[in-house]
Structure formats: structure tokens, C-alpha cells
Visitor: 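Take this structure, written in C-alpha cells, and hold onto it; I'll ask about it next.
Note that the structure is a prediction, hence the values are computed from the model and not measured.
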Amino acid sequence: MQVKSMIKSIKDLEAAKEKYQPSIQLRLGKASQQSQTHVLVCSGTACTSSASQAVREELLHQLQKHNLEERVKVIKTGCFGFCQRGPIVVVQPDNVFYCQVERKDVNKLVEKHLIGGQIVEELLFQEPDTGERHQKMEEIRFFHNQQRVLLQNCGLINPEDINEYIARDGYFALAGILNQQPEEVIDQVIKSGLRGRGGGGFPTGRKWDIASRQEVTPKYVICNADEGDPGAFMDRSILEGDPHAVLEGMAIAAYAIGASQGYIYVRAEYPIAVDRLEVAIRQAREVGLLSHNILETDFSFDIGIKLGAGAFVCGEETALLHSAMGARGEPRPRPPYPAQEGLWSKPTIINNVETLANVPLIFRKGWEWYTGQGVATSTGTKVFSLAGKINNTGLIEVPMGTSLRTIIFDIGGGIQGGHRFKAVQTGGPSGGCIPEEHLDRPVDYDSLKEIGSMMGSGGLIVMDDRDCMVDIARFYIEFAQDESCGRCTPCRVGTKRLLEILQRITKGQAEMEDLELMEELAYDIRDASLCGLGQTAPNPVLSTLRYFREEYLAHIRDKHCPAGVCKELLHYQVVEEKCIACGICAKACGVNAITGEKKKPPYKIDPEKCVRCGACLAKCPKEAIIRGGLQVPAAAAAVQEGVTKHARSAGIYTNA
């Protein structure tokens, strides 16, 4: 896109909006004249990894082949959210939402729909339980309980065209606040109730106020785009789909505190996000919305990009600052806080991508409107990434206070394969595992904290009855231990010792004393670590001990993994009455642990030779092979039940 004219006033913004708004109105189904068709192709990371760009290229080729280039335009967009069903292609103004479109489908889509005017039924989304196909995005249950406010431009505009952002009222919030005093701007952010979306939930306006009161210059604004939680992709999707919203939010923050320079600290593993940020910054400079004397005022502000190497600890603000300055990414004690003494020892505010993208909304719609979204202590909406054992994975946006049940079962479509819900991990490695009894709990900062978890940046990983909660805790502690910067002993050594105990438990080598030691150590790490990484690292252990203690006891006392996950505790055996002596299991076994004679059941599994790979279980046509943990023999089940009853009566543990 070639930017031709400078934008020097609100009138210039209004002129640009008027010029490009017809295209946006067409995509919204509001155009008075519909002489063109726009084909929107998701170009976010998820769909790109599913070859959406090959689909886009084939679309361009087919349009050229059929001389449709003037009548039909192909538009690159950000994420629609329904990542499970990508690549996504939407035809407007027909409002037809196509899923899982492959390159081979493009010819049919062009000839049947774009030329013939008929819907390609087989590319429409089909509800898995009813079989009903939906033509429109809003008809799909995945979108029913969502409120796409922050994500309103993702999947609608071309993120590499600043004019399309302006056509959606982009940069009007910035233009409006330049006529106000900085303290007025901060006051409105405080009144909005906006809290940091990066995990801590600190009030954004208060952070800005602290920085604005510092009588030191220069000051800085940093966007924390170092999204490191496993399964989290909220910030990445916003950067890929609506980068100018983040730039505008940073500019408003800079005006409020008196900063003239900002930086976006983004991990290098986000190449699409980085490319779009570079394009957005360049375009904003070309039209005068970044750099010197913005909109012909005395306000000057520019933005640079700093690439992170992917260290999880650099999501912590003081470690991020060290990394941004070229030093090793290690946290430091606070105070002084970054708002007092941050980048190059100057006052610095650090907000994450989602927090900054909320800022223009507050000033466009008013802080009163914003407080009407969500709940009293957690205003606005929240973007979550849904992942794990769930039917509909993807990116969602819901009002604060929405229940976990609504998110998982209504939006997420429930658990895969008819399995039973077991837990949901919120807050990534720093959060906790929440059991079924709390599914109706509203998702907000305070409610999640009450049950031993946290909001985090917005990752939601769903687990079912096939997941071992001890192994889940081990996974997260292993991640935290691996990502520890090593500066403080409680985190460096404590997480290592925690991991060793968990490994002993999953291998059936632990004693009951280990359980008490592990719990005590977890609290010590939480209370004594230097930064948020160490302080929250034990949360997965503490939450699983709180809600799934019986699984720990099964591993330690019974040497048994109820979910059948921990390899060293698995016991494969052949059910005699089901075995037909076909020999398929023996062929599948790579270590000759299964012996028997064809037509003479049953076959036998030698436990000494068995490496517990599960190949025989997967191949058996009669489900004659069972694995300890999934189908526990009656005798073992009775023993386990007796141990559990004894433990409860003795007060050794409670499932609370």
C-alpha cells in the first residue's frame, strides 16, 4: 500500500475514513451499492501454517484466469478466531463463512460461488452434534457467547493497510486526547477500571499516574509482546490482525506520561507479527501519525522494535528491561518500580499488547461505556486462547465474568471424543488447575485468585480424564525450572528439587514423606522467590494437591496412575475372554514381549520385557488389551478404594 497524503488534523482523518469506509461497509454487509465482492482470507499464524497463503495465491490466479480481478478483490486479514477450522475464507457481502479451505477447493469456490452465485455447501461449518451446516459466521455456536470488541478488526481489515484501520475510527482516539491535559487522560483510564492483561492485573491508570509524576526525562513506553505461556497466542493474534490499535494505545500512553519514545519488545518467534508491526510503524510515520509534531501539535512520539530471544522470564517487566538494554534477562528487586526507574534508569511504563489495544476503545466509546462491560472489579472483555482436549480450539473474546462452563462447553464445544472434563489450566505455568466443581465460577481476576489460580495473560488449556494431574504438574514445573534465569536460589534450586520429587512420584519411586516435603517446598518457593516467575511457579503443584490429591496418593501408595499416563506405572495385560488369538498384538510389539499361538487364546504379555509403548493396545481389534489406569482390574480397584477410604477416615487428605 502506498501512503500518499499526510494526516495533519481530524479533518484529514475524516477524509481518509470517508474514502476507505465503503470497502469496510461492504464487508460488514452495510454497503448501499454492492458492485464488488471481497474474499477475506485469514493470514494469521494458525491459518498460514495450514497453507492459507497457498489458497490466497490460487484465488488470485483463478480470478485472473476468469477475468474477475476488477469485480472480486482478495483481502489479507488477521485471525477470525476459529483456528480449529482453518484456513478460513469469508466471501462478502454474501456473508458466507468457509472452513478448512484447501488449494484444490479454490476452483470450485470461484466457479460455483463467485461466478455461479451458489454456496459451496461442503465447505461450510458443520456442527458435530447436529450435523447442521451454517452459512454465516454469527450462526456458528462458537461465536454465540462471544463479544468481539477488542478483536472487532481481526478478520475484517487488512492489517497492512493503515487506511482500513482509519476507516474503522482508527487514530481518532489519539486525535481527541491531544486536546486534553495529560492528567485528564490518566483520570479517564483510572475511571475505566482497566487492569493489566499480562497476568498481574495491576490498574493501568495507576501505573501511568506514577510515571507521570516523575520529574525525570526522558520517559519511555514499552509494549510487552513477549508472550511465552504454552498454548497462549492472544497477543500474537492482535499484533497480526490489528497492529495499529497497539500503536495508537502506545501513543496515548506516551502523551499521558510525557514520553517521546516507545519500544515493542516482541519475541523473534513471531515473524508474521514482527513483519506487520514493521509495516504499521512505517505507514504511521509516512502519514505523520508517528514521529514529530503529530497532528500539528507539540506532541512527538516514535516507536522502535526490540526482538526477544524467547526467554520466558523476560515476560517479567524488570527482566524485560534488562534484555531491552542489551543485558542478560534477569529480574531485579522492586522498588524502585519501572514507572519510577525503568529503561536506562528513566521512568518507564510497561503494558502488554492486549492492555494497550484496549486504550483507544476507552477514548472512542467513553470510560462510562467501558465500565459497563464485564464486572465491577474486572471491567471490559478478555481475549483467551482455547487449547487442549476441547472440540473448538481458537481465539475467543468474552466479557469479564463469563463462566468457565460457558467458555468450555458453549464456545469450546465440550470435550473431545465424549470424554469427561477433568480440569482447566488458567494462567499458563503461573496459574492453577481448576476442577469441575468450579466450572460455574466467573472468570475475573479476583474469582480465579480465590480458588488458587490466576487470570494470567489468557491461556486456557482444557484437560480430560485421559490427563494425569501429577504429570501435568510435572510438565509445568519442568517448564518453570528450565526457564528460570537462576538469579535467586528459591527458584533456581527450589524448582529443581520440586521437579525431582514429581519425577519420583510419576515413576513410582516416591514415599509419603515426599508429599509433605513437596508441599512445604512449594510454599517456600512462592514466598521467597525474587520475581513473579518463581513466586507463581508452584501454583500448578499447589492447585493439583488441593483438588486432585487422591491422584498423588494413587501414584505413591498404590504405584498406580489412574489416567494411565505415567509410563513406569503402566501395566498391560490381555483379557482372556476377549482375546481371539489373532496375533496382531505380537506383530505390533517391537520387543517381543507378547507370546502366544494363533487360534489358541489367550496371548500373554511379559511385564519384564514390556516397554509400555502402547502399540499392542492401539492395534488390538477386539479391545482385549487393557492398560492399568484406564481399566483397572477389579481386585486392584478394590484395593485402591480401600486405601482411599482409609486415607479419608484418617484425615490424611481431603478432595477440597
Side-chain angles (χ1 to χ4, degrees), residues 1-25 152-153 156-189 208 212 217-223 238-239 241-264 276-305 349 351 356-367:
M1 186 214 70
Q2 294 295 321
V3 179
K4 296 181 179 179
S5 57
M6 294 288 288
I7 294 175
K8 300 179 180 180
S9 65
I10 289 184
K11 285 187 176 180
D12 292 340
L13 276 173
E14 289 173 343
K17 176 181 175 179
E18 185 178 355
K19 181 178 179 181
Y20 290 93
Q21 197 171 35
S23 291
I24 302 300
Q25 294 293 88
Q152 62 181 335
N153 290 334
L156 178 68
I157 68 171
N158 179 353
E160 297 180 5
D161 189 342
I162 190 173
N163 293 310
E164 294 200 359
Y165 178 69
I166 292 171
R168 292 284 284 163
D169 295 321
Y171 290 104
F172 279 83
L174 173 61
I177 63 103
L178 292 179
N179 295 319
Q180 302 177 28
Q181 293 299 313
E183 53 268 24
E184 293 179 81
V185 175
I186 294 173
D187 184 58
Q188 291 175 71
V189 176
W208 291 14
S212 71
T217 57
K219 298 177 182 180
Y220 298 97
V221 174
I222 290 182
C223 172
I238 293 171
L239 292 176
D242 199 11
H244 286 283
V246 180
L247 303 190
E248 186 177 10
M250 291 181 70
I252 293 171
Y255 178 77
I257 71 165
S260 59
Q261 180 63 49
Y263 295 99
I264 300 174
R276 290 186 185 156
L277 280 172
E278 290 174 343
V279 170
I281 292 170
R282 184 180 71 246
Q283 290 178 355
R285 286 174 182 157
E286 288 176 1
V287 299
L289 291 170
L290 281 180
S291 197
H292 301 291
N293 304 113
I294 295 170
L295 295 171
E296 293 194 328
T297 66
D298 293 333
F299 175 57
S300 298
F301 180 66
D302 205 358
I303 296 174
I305 295 176
I349 58 170
N351 292 123
L356 289 164
N358 269 282
V359 172
L361 280 172
I362 293 170
F363 291 95
R364 278 204 297 268
K365 293 179 176 287
W367 65 265

Visitor: With a 4.5 Å heavy-atom cut-off, do Leu289 and Leu247 have their side chains touching?
Guide: no
Visitor: Using the rule given for salt bridge (charged side-chain N to carboxylate O under 4.0 Å, His left out), can you reason through Arg282 versus Glu286, listing the C-alpha separation, both sets of side-chain angles and the distance that settles it, and then say yes or no?
Guide: CA-CA 6 Å; Arg282 184 180 71 246; Glu286 288 176 1; 3.8 Å; yes
Visitor: Identify the heavy atoms of Asp302 and Gln261 that sit nearest to each other, and give their distance.
Guide: O-NE2, 3.3 Å
Visitor: Please examine the side chains of Val359 and Glu248, heavy atoms only from C-beta on, and report whether any two atoms are closer than 4.5 Å.
Guide: no
Visitor: Work out which heavy atom in Ala175 is nearest to a heavy atom in Leu13; give both atom names and the distance.
Guide: CB-CD1, 3.9 Å
Visitor: Heavy atoms, side chains only, cut-off 4.5 Å: are Tyr165 and Asn153 in contact?
Guide: yes
Visitor: Mind listing the closest non-hydrogen atom pair of Leu356 and Pro360 along with its distance?
Guide: O-CD, 3.2 Å
Visitor: Could you state the interatomic distance from CD1 (Ile349) to CD1 (Ile222), rounded to the nearest 0.5 Å?
Guide: 9.5 Å
Visitor: Any side-chain heavy-atom pair from Leu174 and Ile294 closer than 4.5 angstrom?
Guide: yes
Visitor: Side chains of Val185 and Phe363: closer than 4.5 Å at any heavy-atom pair?
Guide: yes
Visitor: For residues Leu290 and Phe301, determine if any side-chain heavy atom of one lies less than 4.5 Å from a side-chain heavy atom of the other.
Guide: yes
Visitor: Any side-chain heavy atom of Asp161 within less than 4.5 Å of one from Val279?
Guide: no
Visitor: For a quick check under 3.5 Å, do Asn351 and Trp208 share a side-chain donor-acceptor pair by atom type?
Guide: yes
Visitor: Could Arg168 and Glu164 be called an ion pair, given the rule that one side-chain N must be under 4.0 Å from one carboxylate O?
Guide: no
